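To keep things clear, I will list the structure first and then write my remarks on it.
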Amino acid sequence: MTDKNSLMRQLPKVDEIIRCIIIERAVKAPEVLIKLAVKKEIDAEREKILAGESTGCTREALLERIEGEIKRQNRPHLKRVINATGIVLHTNLGRAMLANQVSDQMKDIGAYYSNLEYDLEAGERGSRYSHVEQLLTFLTGAEAALVVNNNAAAVFLILNSLVREKEVIVSRGELVEIGGSFRVPEIMKASGCNLVEVGTTNKTHESDFLDGISENTGALLKVHTSNYKIIGFTEEVSVERLKAIGIRHQLPVIYDLGSGLLIDLQAYGIGEEPTVKKCLEDGADVVCFSGDKLLGGPQAGIIVGSKEYISKMKKNHLLRALRIDKLTLTALELTLREYLDEAAAMERIPTLNMIMQPLELLEKRAQFFLQSLDECPEAEYEVVETQGQIGGGSMPGVSLSSYAVCVCRNDISEGMLEQMLRENSTPIVTRIWKNKVLFDVRTMNEVEIQTAADFLNQL
Ligand SMILES: *Cc1c(COP(=O)(O)O)cnc(C)c1O
């Protein structure tokens with residue numbers, strides 16, 4: 001057995017390797033990154049020797065590993081990926097993609113000064129919320145609007161501003177959890193109000209709400225069950241009925257709508273969700289929703305409703321802690337501007353465009369992908385029809401038919417291939433179905449399809 005101690009002694013010195021990387025190899029990277037990479041790789045080798053997993057590696061092999069590590073560390077960690085899952089709003093992949101015109105404006109606002117909080121007409125301090133308030137009131141019919149960091153923050157701000165130290169009544173069937181970190185009961189507790197659950201999981205009646213009302217009640221809350229659907233023997237209390245109760249007991253009706261549609265997608269045959277405008281017309285006093293779900297904009301929480309309630313939120317000091325930044329704000333403004341022309345919005349907002357893609361077009365795109373793949377004895381390629389979801393906790397139960405190219409290789413397992421795709425310089429995120437790797441083309445453009453095809457062709 002080779003002596004572990006002598007193997008350890010043979011390991012090159014950290015300082016000497018650093019000098020070699022910088023001077024002889026002329027690697028261009030910040031010195032701290034080089035030091036970290038050298039230390040990391042030498043430590044890893046030392047661990048392996050101690051564990052008896054290495055009988056020493058050549059200096060050259062070690063240098064290669066270090067250079068690879070420096071390269072990885074010297075690139076931005078948050079980067080673009082290719083979404084081949086077909087899930088349009090994938091929370092792990094950044095939810096909504098912004099339109100090109102939106103990112104152009106973000107670049108300008110980021111790189112230069114702006115009128116973020118400066119009223120150019122009056123020559124004095126202005127409000128950052130002024131850039132979107134009018135657009136939002138126009139698009140939803142609300143009296144007033146406010147935007148914050150995300151919808152979780154919106155729910156928090158609404159409750160903290162309107163119902164602190166009071167009770168909020170909510171149906172048991174609507175105590176949702178979204179993505180593991182947003183739980184309605186937790187947010188309510190954190191915002192300083194007390195939750196009063198009424199009804200049962202599948203059925204809540206008007207009388208349950210009436211029974212729950214006491215002198216401590218501060219609001220009635222409705223939460224959209226964004227990521228699940230209770231089907232079968234069910235009953236919920238509509239916004240209209242809640243409003244009737246609210247009027248009688250002088251309580252505001254708050255609606256956490258989750259996704260928040262500005263265009264009626266039912267008219268296009270997608271889902272059954274009400275628009276924000278409809279919820280307000282039905283009587284909700286305050287409605288909140290996300291900017292990066294079906295709206296197709298940046299991460300944001302949008303609050304619309306009556307002036308009386310929104311001004312209380314504007315005066316809440318916590319608003320400062322939840323405020324939206326200028327890059328997000330400009331992306332939101334430009335996304336909302338697209339909605340001034342509904343047909344243009346359906347075309348130019350990537351989220352809506354991808355949801356609306358006709359099946360024939362998806363099939364054509366999958367065929368184009370297939371034709372870009374070279375014949376290979378180890379690989380089997382096939383176009384298949386798939387069923388996808390919109391995702392991002394939007395429209396549960398609505399499934400979108402799509403087309404995918406599935407790949408099966410006799411020399412690489414599906415799990416291995418899926419991992420190799422993730423480790424590509426532009427990572428490609430796929431799904432495994434049966435023992436195949438699936439590329440759903442709904443969420444891929446032609447250039448991305450070419451990138452994926454090139455990857456598969458060079459295997
Ligand atoms: C998604 C969702 C949230 C959380 O919104 P974020 O913008 O992700 O903070 C809250 N409530 C409902 C009903 C949702 O669907």
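Because the structure is a prediction, the values reported are computed rather than measured. Heavy-atom basis, side chains included; hydrogens, waters and symmetry copies ignored. For ligands, and for the atoms within them, numbers begin at 1 and follow the listed sequence.
At least one N or O atom of A152 sits closer than 3.5 Å to an N or O atom of ligand 1. At under 3.5 Å, a nitrogen or oxygen of R95, whether backbone or side chain, sits near a nitrogen or oxygen of ligand 1. Ligand 1 has no nitrogen or oxygen under 3.5 angstrom from a nitrogen or oxygen of D292. Between N151 and ligand 1, an N or O atom pair is found at a separation short of 3.5 Å.
Remark: distances from the non-hydrogen atoms of K293 to ligand 1 include one below 4.0 Å.
Interface of G258 with ligand 1, defined as ligand atoms under 4.0 Å from a residue heavy atom, comprises 12 (C), 13 (C), 14 (C), 15 (O). Here is the list of ligand 1 atoms found below 4.0 Å of a heavy atom in S290: 5 (O), 6 (P), 7 (O). Per-residue contacts place H224 under 4.0 angstrom from the following atoms of ligand 1 (heavy atoms of the residue considered): 13 (C).
Counting only heavy atoms from C-beta outward, the side chains of T137 and E143 never approach each other to under 4.5 Å. In this structure, Q101 and E338 have side chains that are in contact, with non-hydrogen atoms separated by less than 4.5 Å.
In this structure, R337 pairs ionically with E333, as a charged nitrogen and a carboxylate oxygen lie closer than 4.0 Å.
The two residues D256 and L221 come nearest to each other via the heavy atoms N-CD1, 4.4 Å.
Here CG of L370 is found 9.0 Å from CD of E382. Values are rounded to the nearest 0.5 Å. Atoms CD1 and CD, from I87 and Q389 in turn, are 8.0 Å apart once rounded to the nearest 0.5 Å.
Using a 4.0 Å cut-off between heavy atoms, E174 makes no contact with ligand 1 at all.
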### Task
Check the pair E446, R365 against salt bridge (Lys or Arg N to Asp or Glu O under 4.0 Å), reporting the backbone distance first and the verdict last.
CA-CA 8 Å; E446 288 200 4; R365 206 182 298 156; 5.8 Å; no
